[in-house]
Each structure stands twice: as C-alpha cells, then as structure tokens.
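Read through the structure below, which is laid out as structure tokens, and then see the notes.
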Amino acid sequence: MDPRHEHLLGINRRQFFNRTCCGIGGAALASLLNPALLAFDQRKGPALGATHVAPTAKRIIYLFQSGAPSQMDLFDYKPGLADLNGSELPDSVRSGQRLTGMTSGQDAFPVAASMFKFAQHGKSGAWMSELLPNTARIADELCIVRSMHTEAINHDPGITFFQTGSQQPGRPCFGSWLSYGLGSENSNLPAFVVLISQGSSQRDSQPLFSRLWGSGFLPADHQGVQFRSGADPVLYLGNPAGIDRQRRRVMLDSLAALNEMQHAIVGDPEIGARIRQYEMAYRMQTSVPELMDVSTEPESIFELYGAEARIPGTYAANCLLARRLAERDVRFIQIYHRGWDQHENLPADIRLQCRDTDRATAALVLDLKQRGLLDDTLVIWAGEFGRTVYCQGRLTETNYGRDHHPRCFSLWMAGGGVKAGLTYGETDDYSYNIVRDPVHVHDLQATILRCLGIDHERLTYRHQGRDFRLTDVHGRVIDALLA
Amino acid sequence: MKRQVVAVIAMLATPAAAQPVDFSRDIRPILSDNCYACHGPDSNVRQANLRLDLLDNAFTGRPGRTPIVPGDPDASLLIRRIISDDPGYRMPPPESKKSLTFTEKAMLAKWIASGAAWEPHWSFATPQPVEPPETEDPWPRNGIDRFVLARLDTAGLAPSPQAEPETLIRRVSFDLTGLPPTLREIDAFLADTSETAYENVVDRLLASPAYGERMAVAWLDLARYADTNGYHYDNERTMWPWRDWVIDAYNSNLSFDRFTVEQLAGDLLPDPDLAQRIATGFNRNHGISWEGGIIPEEYQLEYVVDRVATTSTAWMGLTMGCARCHDHKFDPITQKEFYSFAAFFNTIPERGSDGLEGNAVPNIATPTRDDAERLDVLDQAIAALQQQYDRPDPDRDAALARWEQRTAADWRGAWTVLDPFAFKSVGGAELVKQEDGSLFAQGRHPDAEVYEIIAFSSVPVIRAVRVEAMADERLPMGGPGRASHANIVLSEFEVEVAPVTAPSDMHPVEFVAAHADHSQLGFHVTRAIDGKRETGWALNGARFGEDRVAIFVPRKPFGFEGGTVLRVRIGQDSDFMQHAIGRIRISVTGDETIHAALQPSELGAWHVIGPFPADSPAAARETAFGPESGLADGVDLDAAWGDGGALRWSVRPEFSDGAVHALAEMDNAATYLYRVVNAPGKRSMTMSFGSDDALKVWVNGELIFETDGPRPAAADQDIVTAELRAGVNDLLIKIANYGGQHAFYFDRREDHALDTPLDVLTMLSRPAARRNANQARELRDHYLSRHSPESKHVLAELTAKRSEHAAIMAGVPTVMVMDEMDEPRKTFLLRRGRYDQPADEVAPGVPAVLAGFTSDVEPTRLGLARWLTDPDHPLTARVAVNRYWQMHFGRGLVETPEDFGTRGSLPTHPRLLDWLAREFVRSGWDVKAMHRLIVTSATYRQAAAATAAQRAIDPDNRLLARGPRFRLPAEMIRDAALRAGGLLVEKIGGPPVKPYQPDGLWKQIGSDFGAFSANVYQRDSGDALYRRTMYTFWKRTLPPPALAIFDAPSREFCVARRSRTNTPLQALVVLNDPTYVEAARFIAQRMLTEAHDETGDGADDRQRAALGFRIVTSRAPTEAEVDVLVGLYASQQAAYSGDPGAVRALLGVGESAHREGLDPTALAAWTIVAATLLNLDEALTRN
C-alpha cells in the first residue's frame, strides 16, 4: 500500500478505535478497514479496465488561466515588432481573419509591440518575458508550445471547447472523462477536484461555468468537486451547528444499523453502496479539512510559493493545495485563475496577473519535482486562446489592449512524460499565424490523454446513439511533445 | 479459401450460433456498431458504395464479390472479409479501431446461413394493432400484465406478490405527485376495505394539483427550462409563465396531441389565445448568448439547431442533431433533411445576440386575467383622452406659435454666438466654418481629438458658455457625433481668456456647474469639467439626428472691457475612440437671470450613522431606526442610538460625489446618510443614486423614493427628482444591506431653475420647419401642460393613465415565444454545419424515412405538429408512453428514451410498447388515463424485494418479475423532507424562489459587471424557503448544487433520462444542508406533539420514535428498528442535557423559529433521530 494511504487510513483507524460509543454497522466497519472497498464509487469499476498504452502520467494539474493570456507578452518573442509598433497590420497577415464584434468595427489595426523585455533562459534557451522571472527559472522543465490554435473566438465557447471538446454546452469535461475512464486512486477524496481564484486585475473578469467541471452526459458522479476556501471546503461538508463529530458518528452507526435491516429484507445492493457512501462522507469530513490545512507546511514551502500561499483562496494557496492533492493521488486537479482578458490596459493588468501566478506556478513544479511527483504528474499551463498583435483601443507609449485571437497562442506543460526543455512550433513575425507545427486543441487533448495511457479514440461513451469522445472526431497525438 | 470455409463451419457449430438469430436484436447492433460508419447512411464517407443499413445493394454484386449471399456464408464477401487473417483485407480495418469478437462473427455467419432475413428498423414503422396474449392465470389486472406475464413465462420467472399497502401508496404517491403520502392518507387507504381502495387513491392523486407539478419536472428536463440565459453572463430570464402553462396543461389533462400542437405551433392556430402563445415558449427555452463580440448569425444558428435537437428528441426519440454536419451515421436521416427540419424553426424574428435585459425577442407580456382587464380599460381611456387632446383648436395653436416664437427669440437673444477666427483639430480633421458660426469636421477621423477654437467676444461680462453639438445630415445617423452610431464623448471642456489688449495673457476659467439637455447614464455633463480625461459627457439614450446642448457656468463671471479673447478646447480624449463632435458651435451669455437660474445648489458634507442591525433583509429595509424618528423636524445630528448610544453621526467629507463609497459591512443592517442642500432658489434637482442593497430617500422629511435590493452599488441605478425650497433642505438616505458588501453612490444631475427645460429650449432654437415630429409633439406637450388649463388637465390624466399602464406592465412578466417573421429567413444546407457555409436552399420538410404514413406535410410548424400527432406516426406515441413508463419503473421499455434509432436500445417488451402506444392514441392521447393504466397494473403493484433467484436470472429487473425500486429524483428528496416536517408550502406556480444555498457560489464564478442580473444569490425568506423544489431558481451555469449532486441536469440541453448515482456528496447534502436539519427539527416537533398511545393520551419514547419513522418512511417500524431509534434518542438526550449551547445551536439551524413550550433538550435529541431517519436509504428511495 502506498504509505500516504496508510497514513490516512491510520488516522481513521485511530479515530475509529477511540470512539466511545458502539454499534457501528457491519458494512460500515468493513468499509473502514477494507481498502478494496474504499474507492470513491467502488461499485462500478472505471470504464477502462487497463490503459491502452503504458501511461507516463498518473494525474494532471491543469492551471487554467481564464480570459486568455497574451502570448506575445509572455512566451512568443517577436523582436521585429518593436520597429513596426504603431504601423498598420498588413492585410496579407490578417487575410480576412474573423474578428470579434469588439474590434471588427475598428478602422485601424495598429501593431502593438510588447513593451516587456525578453530573454533566453536555461540550457534550452527558451524565450520568456520579464513578466515571468520565476517561470524562467524552471525553463528546462517546460515543454512550451507556441503554435496552439483553436476554433472559438469568444470566452464562453472558447473555454468550453478547451475543456470539453465542443463549443456548445453538453459534453463532459476533461476531468470527468478521466474520472470515468480511469476512476479514482484515492479512497478519501474525489477523483476530480476544482479550485478557483480571482485575479488581481479585476477589470473585465469573465465568468466561469460549472459545466467546465460538469459531467455532461456522463453520470453525475464524474463531475468535478469544487474545493473552496472557508468553513466548508466542500459543499455541505461541515456538520450543522450543534452536531459534533462524535454525535455524527453515533448517528451514522444507527443509520447503518437501520439500513442493514432494510438490506436484509429487500436485498438491493444499492443499500450496501449507500452505507459505504455515508462512511466515505464521514471520512471526507476529516480528510478534506486536513488536506486544506496548510499550517503544518514548513516555512520553506511558504518561501517557495510566496506568502500569499497562506491566504486561502489565492492562486498561490491553490497551487500548494494542488500539490497536496497530487500527493494524495487525486486524478485531476483543475485550477482556474480569472482575470486575463486584457482588451485594454494590458501592460498594467498583465503585471498584476503575473504577480498573482508566476511564483506559485514555478513553485508548484519545483515542489513536485523535489518530492519525485513530477515524474508522474502532468502540469499544464494554458488559457483558452491568444490575443491579437494589433491594438484594441488606443495605442499609446505606455498602454495598449489586445482582442481575442484564436489563430495562435502559447501554453506549456511539464512533467508526466512530456519533453522537458522543448519549445515547439513557430508563428509568423506578427504572432498572428502559425508557420510551423500547428497544434489544435483536439491534438493537445489527444496528447494529454496519451500521457495518461489512453488512446483518445478509444475512450468513448455512447449517448444518443453516438460514441462520443473528448476529441470529437478529430485530434492526433503530437509525438514530438512526448519524452 | 479452404481455411475460411473451415472457419465458417467451426463458427456455425459454436453455442453462440445455436440460438435462432433475430436480425434486429442480434445483427443490426453488430453492423451498426462496426460497419455503419463507412457503410451506412452517410453518403459522403460511404465506402465501396456499400450500405449495410439498407441491405438492397448488399445482396447484389459482382460475381464472386457479392457482400451477402443469403444461405451461403462461404460465398459472402462480408464473411470472407471479417474472418480474414490479413489485416489489410480484414474488416473492420485497423484504423477504425473496431474489431469483431468471435461470437459476433459467428452470429453474422449464422444469420447469412439461415437466409439473411432483413427487416427495417422497428421504430420507423407504425405500430400495428396487437392484442395482449391470452392467459388463464388470474394474476393480470390489465393488458400490461398479460404481456409481462407472457415474457416472464418464457424466462421461467413468476411475478412477485403485491407490495404492502404502505409501500404501494408511498410508491404511487411519489410517482404521480412527487410527494409522499400524509399519515392521514395512509390511514384512509388502510381503512378502505373496498375493492377499489387502490384505484381510489390513484384517482385522488391524478386529481391533485401536485400531479401537474410532478409531471412537469420531467418535461422541464426535456425542454431545458431554466431561469437564466445560459451562456456567458447567464443573466435572468422569465420563462416561468411557460412553466406554469405546463403544470396547468397536465392538471387540466390537456390531451397529448393538443399539448404538442400548442407548444410547437400555438401561435399559428387560428386566433390563438394568450395561453396558446405562451405554450410556444417550449422552443425558446434554449440558452441565448449576449457575450460581447459574438457573431449573431452563428448563435442564431445554434438556437435553431437546439430546437431541432430538442423537438426531435422530445417527440420522436431521434438524434437528428447528429445530421447537422453530415448525413447521420446510423439512422436514415440526411444532412439535407436536417436542414429541412430546421427550416420549420428558422423563421422567427430572433436575434443571435440578445438577452442582456432578460427575455430576448420575440416575447409577449403575460398579464393575469385581472391585469388584462385593467389594461384593456386603460387602453380605451388613453385612446379617448388622446383623441380629446389632439382635437384641433386654431386659437390654441396660434397661441402656441406665439409662445414658441417669443421663447425662442428670448433664448436666442440671450446668447451671442462666437465667431471663431482661428481653429484647428489636433487630431488632424479638417474643420470648416459654416454660415451659422458652427464648425463642421470632415476628413481624417482620429481616435482622439481636441478642437481648439479662438474667438473674440464683445460681451462685457460673460456669465455662461454654451456648447451646441449640432445635427447635420452629412454625419452618420444625422449626428451630432462623427462615430458610426452618432454618439459623442466630450471628455474635457476648457476655456482660457485674455483681454483683447493683451491676447497672450491667458488665464483659465474655472467652471462650477454644467447642465445639458441630455446626458447618458454614467456620462453626466459635469464629467466634462472634472479634470479627468477618461470621463466625459455622452449622449446614448437620446435621439440622434437632433441638436444637443451643454452649458457651463463659471465660478465668477469673466470678461474684459474692450473685448475678450477666448481660447476654447473641446477634448475627446477618452478611451472611446472616434467619438468627436461632428458639428460644433460656441456661444456666451451675460444674462443675469440665466446665470442665477443656472447656479447650482450647495451640497454639505455627508454625515453617516450605522449600521443598525436587523433580523432579516426585509426588517433592515422596513424598520424605522432612530434617524427616521421626528423627520418632520429635521435631522438631529447630535442624537445617538443603539446599545448605550453607541451609534452616532460622523461627518465624512471624503465621500465625494460621483463615486461608489463602501459602508461598514454587516448583514441585515441599515445605514443612514444625511447632508444639507442649500438651494439658491426654489427648483427641481435630479439626483443619481446607487446602493447595496435597498435604498430610501427623504427630502425635508418626506419619503420621495424607495427601491428594493439586492444589488451591488453602481452609478445611476436610480434617478430621483426632488422639489427643493429656497435655502436649506434636508436630504436623508437609508441604505439597507442584505449581506456582504454595503455601499452607496450619489451624484447630482440636473440642478437649475430655468423656466423652460433645456431640451425644450434646444428644440426651440431650431427653425420650426426643421424640427422632427417628436420634437414638435414634445414642444406642444410642454406648452399645453403649462399654458392651457384644459389641455393641462387632459395631459395630466393621460400621463396618469399611461403611468398606471406602465406600472402594471412593469409587474407583468414577459415570456419568450415563437412567432413568424414578416419576411421569412431562408434556410440553407450548411456545409460542415457552419453558419457561414451555405449551400443549397431547402424547404421545410420531414425525414423521408418517416414521411410515408401520411400525405403532404404543410410547410409550417403547425403542419409539423399535426404530422407528429397523426395517429399513425411511428414514434410520437411510443416515445411518450415509454417516458411515462420510465417514470413509474425507473427504466423505459426502451432503455434509451432519447434514442429510438438504430443505436438505441431495443424494447424489452416490444409488443407491450406498441399496445400502449395504440391505446394512448385510441384514448384520444389521454395522459392521465395512460398513467392510470400503468399504475393500476399488477406489474406495477408488485413488491420490490428480490429473491436470490430473481437476482441471479434478472439482476436489473428488465423482465419485471418484481416491483421497481430506485432512488428518488433530487426534487422529491427535498420535497419529501419538507412535507414530513409539515413545512411544505403548497402554492402552485409563480416566479422562482431562492431557498438555502451555500454562500458565495454565484459570486465566485459570476461576472463582476454590475449590469447583469443573477450575479448575486440573495436567499429568500419565509414561505419561499419551503416551496416545492421545482420552483427553485435555476441558474444554468451553476445549477442548485444540492440538486445537481442528486443528478438533476444543468438544463443547458434536452435530457430525457437522468443518471442515478450514489455518492458521498449526496450523503453530505442530506446530513448537513440546513434544509434537512430544519425539516428534522419540525419532524421532531411532530414526534413530541402528535404521538399518542392507543388511548390517545401521551406517548412514550417508543411511540414517538415509531411516529417519526412512519412520517418519513410511510410504514410502521419493526420492534428492532424502534430499538435502534430509542437507543439513539437516549444517548443524545443524555449528551445534550449537559450541553445547552449545542441544543441552542442545533435548534437555531434554519430560519424558522422552533415551537415554544417544548423541552429543548428533548427536541434536540429527537431532531437527531429525525435527521437520521431522513438519511435512511428507505427515505431516499421509492420502494
């Protein structure tokens, strides 16, 4: 048994044996002591009995930068733009590209060069802007893709496409597919956990939707479980006022006893399953707060992640929680950080967003690495699309804005079987069109699934007569990204 | 070749091939799963011109290469290809990632060997009349049972005995009304010894109003009903009048064909009534996006596609949506047929981007009958008054003309138009001087602009400066702006002056007030003199193509003897690009009367007191706290209130105008703000307010405005006009906070004492011949309301009637409906399903595979609805009765109610399904009769307990040898707890409610733009907490979490079947959601007050426990069960007796007070018992 499991179970055993009351139902006892019964929903095994190929990652930490960060201010270095600053974007570059309704009425499309300095980092020599000093330090861990492209040009369809493979609501999200396909490896926590933080650049913060961690047409037990800061980290986790843990234990014992009696008469296995779910809920009442309590982390950890990691609900705190969730073998850890939608005042706002995220992001990768977890954890940093090289609003010496741009954008991955120190793909001099090695969103999804040992064409679910998959009918694994 | 023959023989000898082969059951699924993708209905990808869905061309072929030779598997190419060892030759090919099992290959071979009998897909043919099998067995009660029994016989199973009466009444009560039976209902049933006792219960339930609510929930899942628009900002809509129509339709037992016709085409019926138009809301329940920047055509297409998918799923169990981008892969529906079907739904006057302010177009008002009558009366009165008002009167019209001339002349005479002698556009536009002294901008159209104008004035003392932004036909929309939408931003207005004798000795003029005839919300003209380039004066909300005017008042009159040189700078330097004024004119005045009238009032500093705590949002709003006492005598700034006078007034000079200021946060509390307004003369002052949350405004002790929350504070939420007296006025406001942030916003808008409003003066400045009709009417209204006593009276009446009309209409919800465009939109086949890839135009039509049973289909939605409800339609009745069956058995006869196509499940009892479908049509589509038929069957009434043998032979109970047992749907779990506690408020319909929900959920994912609704979850109180769950506010991007955890769908798309999971999160909901803890307390109260012994006297603990058990599960407990409960009670009684704090805390959960006069410790301990009961598997399950 994994020692981390043993530890958790040990706590439960002690609590169990220290109880002062008696009368626990037999099934409850069995589920507490029999690890085989401990899966989050152990009745149905995962859809895939075994992975299709040997996995290089067991779990995913998905750092989603909601709102779409600007690629040419962070990763996609375009030194030639400095000379072109303010000049009209040539029609030959734009070539009839669809624009959003926000700038399609603009009479002019002046090029806005990034005002941030770029430098090469690490042995790999990856280019990064001064906005990401900490990410720059882990450059050699990263597999940077500068040639991502997508089909959507607005947030709702864009982010829905990225997470579910379809621009329209209705499909399961990435984490739900994995919960369905691979099941859970943790007995006390859900397979799929969601953490949300609000960026410091409050302006134009775009909404999120629970469909982004929803199970679509998959059974609802595959939906993501949001962990929140505050008294109830999981909805309804805390006992009501006036009911303490001991009283809850007594209640559950009586409940199990009564349910057992019903089970003896009706013989429905659902009853046994329900008894186990109640015991699991009881365990979550300690396992989740224990997980969320970072006070036992050493000072060095806060030095690594930054002081904000002490403030619940921040991106830094969520990164630290992501590591703790990864340690506990949660399959899919989805972080959303809002506030990247910089149509205007980009220089000021992107600084705020980077200050929120850069240090903790790098810390997470380093921390996973020093614990040996990076080898089988795939970390992904991405937004839903890119931003335009041309300025939205007024271009001044100190200010510019950028509209949505689906034709190219940058992201990176690290750990779990992707090639470290790689910069993949190339865009034109305007960071407007891809000139080499395009990676479509479906390709990315297929590649990520491959890291988990899954053939994206064979993880399917029949709904309305069709065998649906995350990659719809598209996607190809980009072998060049794999280690 | 030889090896292959051997292989086929070997396969035919296997046990798999021993059973007779049934094409639909055994063969079509193999072909459909493995072959149709390349050899199916989709003509675009079809390989080798071979179709295996329609086998006509599979039987014929080239010599030796015929795919299927009936009776001869060896000669069939299909068999050779599937058994080949050569991966390059074998079917299906490796790249398909599909492969056949040995058994599947054997089945195919056997099928061909036995003649390759082929039959069309069962559901595309009209169900044929069928008689239930004959039987001697006494068990059957109706036709259903004879079908079921016959099937059980073949499997060697026997039906189970009838369920216990308590189980039965609980089961049928949930199934027909969504609620458990009350104890009285159970007792009445147990006491009814008549033959028809059970049927009596069924009839009572079918007649109960709760029946309509229960049935509606399943329909709402299909119709993807919700209370928000679904995409992106996801703000509120009002579709609940449609939802109430559905409940009413079920309760009045509207036949299913009418139910169909009215929802699909109620608007197209001859002379449709309001209800029939509301019914068409079915097809408007889809999500609607108002995300900035979307392409409307793209989303308009999505709405049409959604209507096709939803309509085809709900009525036909067809997955037509799959044919959007290409021919359907598995069912015979071509892409062209998809768009033909879409054409029925593509001609409504909708917008792709809509829903910012709730309901998108088209929508209709849905007044109640009383309101409608009142509106009718008002309409008539308004028409009569209008006629009276419009009656020609030469004398009066002459007087009007004289007044116009005189007033215009006076106003014109008071102003001197400056004649610019030097001017330039910093942005590079060309300014051309016009005859009237104005400047017209043309040429370059820069993002930012400053006009610099230098002019000479001989007016000795200048007391105000006027800027006219003038209409001009050369400008977009007639101006006054140069932007395509004609709006302007005047971000800064600056003037410097110098004596003409020393023109370079320029000094800036300080302005203290600004007035305009119109200012856009958030862009009041005072923003043009606030020194900030990013704020300014703008015009949205006004009519364009008309002159607009702004007047700026200097702190001190200015001017020099001998003449003054003015340098005027008109800046358009905001972030809004290209918003410069197109034609501009500057004037000055020395008129003292005008100057006096334009002097603004002096506003004192704000004083603040609070927060005053209250128990609820309503109490915070309505309680008259200290500052509201003695209002007539003014506000006493020395007074103190609160505990020991802790609350005192403090002065807050930092609370500047035109900004949101935070107040001390406290939930359910109120804060007061006070300031002095010193008016130079009697006048009206218009103010702008924002508040978090509710707001009240008093001026001189009189309440002049109030509004309810909740909302985040923002500029210009309420515009309030106060009548001021000369001198000191008291302005007092109250902000009630419901929860979280607490804040207010104030700004002054209009504050002058001109006799004639500025907009009237501006209209008068324009020659009569060049005024538009609106201007002429407004001038006339203004004049008559002031100068003609008779017309003034009529106008006042008209205004009163119109505002009454508007007030009623404001409270009348609208509902989105179907309606036809005057000029129908054309529908095209769209390549790859993309909005911008039209191919051939298509006409409305239905899929050919289904078209055969009836003659022409009229090319309208009404024609479609009539086609669907044709008695011989193969799908409509089957799909409907299958869903009804699913409600009562937890699984349909076809397990996939959403898919009756070739990939859907086959019916477990095909003949029963067809018999039910024909019965349904024969009964006149009588929905209640169909439910009655199902729930009165012996099959339905069986006990649910499974024997080991039953479980072994039929673990999923597909053959129905026992009663159905499954977990209750989300809504029923909560409703049952509320009813058990006696808390359920049984009111039908109306706006949605917001019961308990964990704090902050909406806020965490919502947009922080204040303008969108449904961003803040403001929990309701009182009855709204205890309404049936179907009325809970449904926000699509974050559905009610406690319901989502129990498998309720998001309502973003059509759902015909919910999943039924069993998770720890569900345990947490019932254990810890205050809803259930509060319900448990009420059940405990019932245990303490309603339990009695046999003599009707007081009860002991065993009787209390038994009562609670029965309230929750509908049955009496066993002795062993009572033992557990009493033991639990005893332990909790002991534990709580030493812990009064815990008792108080537990009894304090939930908003309702607990009943007085009960022992709190006992109540707490029994609450624990009741909470345990609510968590029983039996409580969550329908047995």
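Only the side chain of Ser1059(B) comes within contact range of chain A, with heavy atoms under 4.5 Å apart. For a residue to count as touching a neighbouring chain, one of its non-hydrogen atoms must lie under 4.5 Å from one of that chain's; by this rule Ala943(B) does not touch chain A. Contacts between Asp899(B) and chain A at a heavy-atom distance below 4.5 Å involve the side chain alone, from C-beta outward. Contacts of Asp455(A) with chain B are made by side-chain atoms alone, with heavy-atom separations under 4.5 Å and no backbone atom involved. Both the backbone and the side chain of Ala1171(B) have a heavy atom closer than 4.5 Å to some heavy atom of chain A. For chain A, the nearby parts of Ile1045(B) are the backbone and the side chain; heavy atoms of each come within less than 4.5 Å. Contacts between Thr896(B) and chain A at a heavy-atom distance below 4.5 Å are absent for every atom of the residue. Of the atoms belonging to Thr313(B), it is side-chain heavy atoms, and not backbone ones, that fall under 4.5 Å from chain A. Contact of Asp268(A) with chain B is made through backbone and side chain together, with heavy-atom distances under 4.5 Å. For Asp1123(B), no part lies near chain A; criterion is any non-hydrogen pair under 4.5 Å. The contact between Gln262(A) and chain B is made entirely by side chain atoms (from C-beta outward), counting heavy-atom distances below 4.5 Å. In this structure, chain A has heavy atoms under 4.5 Å from both the backbone and the side chain of Pro1039(B). For Asp999(B), the part sitting under 4.5 Å from any heavy atom of chain A is the backbone (N, CA, C, O) and nothing else. Looking at Arg458(A), the atoms closer than 4.5 Å to chain B (heavy atoms on both sides) all sit in the side chain, from C-beta outward. For Val1055(B), no part lies under 4.5 angstrom from a heavy atom of chain A. For Tyr231(B), the parts sitting under 4.5 Å from any heavy atom of chain A are the backbone and the side chain alike. Proximity to chain B (any heavy atom under 4.5 Å) is shown, for Ile153(A), by neither the backbone nor the side chain. Contact of Glu1121(B) with chain A is made through backbone and side chain together, with heavy-atom distances under 4.5 Å. For a residue to count as touching a neighbouring chain, one of its non-hydrogen atoms must lie under 4.5 Å from one of that chain's; by this rule Gln950(B) does not touch chain A.
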Assess whether side-chain contact (heavy atoms from CB on, under 4.5 Å) is satisfied between Met251(A) and Gln1132(B), documenting all intermediate values. CA-CA 9 Å; Met251(A) 273 179 78; Gln1132(B) 294 311 297; 5.9 Å; no

Criterion side-chain hydrogen bond (donor to acceptor under 3.5 Å, both in side chains) on Gln226(A) and Gln1004(B), from CA distance to verdict: CA-CA 11 Å; Gln226(A) 195 190 335; Gln1004(B) 191 170 19; 2.7 Å; yes

Can Thr1061(B) and His222(A) be said to form a side-chain contact (heavy atoms from CB on, under 4.5 Å), step by step? CA-CA 10 Å; Thr1061(B) 61; His222(A) 299 299; over 6 Å; no

Given Leu235(A) and Leu1065(B), is the side-chain contact (heavy atoms from CB on, under 4.5 Å) satisfied, shown in steps? CA-CA 8 Å; Leu235(A) 293 181; Leu1065(B) 301 181; over 6 Å; no

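The number of heavy-atom neighbours closer than 6.0 Å to CZ of Arg1144(B), taken from other residues, nucleotides and ligands shown, is 12 or below. Other residues, nucleotides and ligands place no more than 12 heavy atoms under 6.0 Å from the NZ atom of Lys1003(B). A 6.0 Å sphere centred on CG of Asp1139(B) holds more than 12 heavy atoms belonging to other residues, nucleotides or ligands.
Note that CG of Leu1068(B) and OH of Tyr278(A) are 9.0 Å apart. Values are rounded to the nearest 0.5 Å. A distance of 3.5 Å separates CD1 in Ile1168(B) from CD1 in Ile243(A), rounded to the nearest 0.5 Å. A distance of 9.0 Å separates CZ of Arg1057(B) from NE2 of His463(A), quoted to the nearest 0.5 Å. Within the model, atoms CG of Leu1146(B) and CG of Asn239(A) stand 11.0 Å from one another, a figure rounded to the nearest 0.5 Å. Of the inter-residue distances, the one linking Thr1118(B) atom OG1 with Ile265(A) atom CD1 reads 7.0 Å to the nearest 0.5 angstrom. Atom OH in Tyr299(B) sits 5.5 Å away from atom CD in Gln168(A) (nearest 0.5 Å).
Closest approach of Gln223(A) to Ala1044(B), counting heavy atoms only: NE2-O, 3.6 Å. When all heavy atoms of Met261(A) and Ala1120(B) are compared, the pair lying nearest together is CE-O, 3.7 Å. Shortest non-hydrogen contact noted between Leu258(A) and Leu1125(B) is CD1-CD2, 3.7 Å. Contact detail for Val266(A) and Arg951(B): the closest heavy-atom pair is O-NH2, 3.8 Å.
Listed options Lys98(B), Glu302(B), Glu898(B) were ranked by heavy-atom pairs under 4.5 angstrom with chain A; first place goes to Glu302(B).
Under the 3.5 Å distance criterion, the side-chain polar atoms of Arg466(A) are left unmatched by any main-chain donor or acceptor of Lys329(B). In this structure a side-chain-to-backbone donor-acceptor pair under 3.5 Å is missing from Asp221(A) to Thr1063(B). Between the side chain of Asn259(A) and the backbone N or O of Asp1177(B), at least one donor-acceptor pair lies under 3.5 Å. Remark: side-chain polar atoms of Ser210(A) are paired, donor with acceptor, to backbone N or O of Thr1037(B) under 3.5 angstrom.
Under the 4.5 Å side-chain criterion, counting only non-hydrogen atoms from C-beta, Tyr233(B) is in contact with Gln206(A). Contact of the Glu291(B) side chain with the Pro157(A) side chain is registered, since non-hydrogen atoms from C-beta on lie closer than 4.5 Å. The side-chain heavy atoms of Pro169(A) and Arg1036(B), taken from C-beta on, include no pair separated by under 4.5 Å.
Residues satisfying the ring-ring contact (aromatic ring centres under 6.0 Å, His included) test with His326(B), not counting sequence neighbours, are none.
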Give the table of side-chain donor-acceptor pairs shorter than 3.5 Å for residues 1071-1078 of chain B, with sequence neighbours excluded, one pair per line with atom names and distance.
unit_1     : atom_1 : unit_2     : atom_2 : d
Asn1072(B) : OD1    : Arg248(A)  : NH1    : 2.7
Asn1072(B) : ND2    : Tyr236(A)  : O      : 2.7
Asn1072(B) : ND2    : Leu237(A)  : O      : 3.3
Asn1072(B) : ND2    : Gly238(A)  : O      : 3.2
Asp1073(B) : OD1    : Thr1075(B) : N      : 2.9
Asp1073(B) : OD1    : Thr1075(B) : OG1    : 3.0
Tyr1076(B) : OH     : Arg974(B)  : N      : 3.4
Glu1078(B) : OE1    : Tyr996(B)  : OH     : 2.9
Glu1078(B) : OE1    : Tyr1026(B) : OH     : 3.2
Glu1078(B) : OE2    : Tyr996(B)  : OH     : 3.2
Glu1078(B) : OE2    : Tyr1026(B) : OH     : 2.7
Glu1078(B) : OE2    : Glu1151(B) : N      : 3.2
Glu1078(B) : OE2    : Ser1152(B) : N      : 3.0
Glu1078(B) : OE2    : Ser1152(B) : OG     : 2.6

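The aromatic rings of His232(B) and His155(A) sit parallel to each other, their planes meeting at less than 30°, with 60° as the upper class boundary.
Only one option out of Leu1180(B), Asn1062(B), Thr1181(B) pairs with Glu270(A) in a side chain to side chain contact (heavy atoms under 4.5 Å, CB included); it is Asn1062(B).
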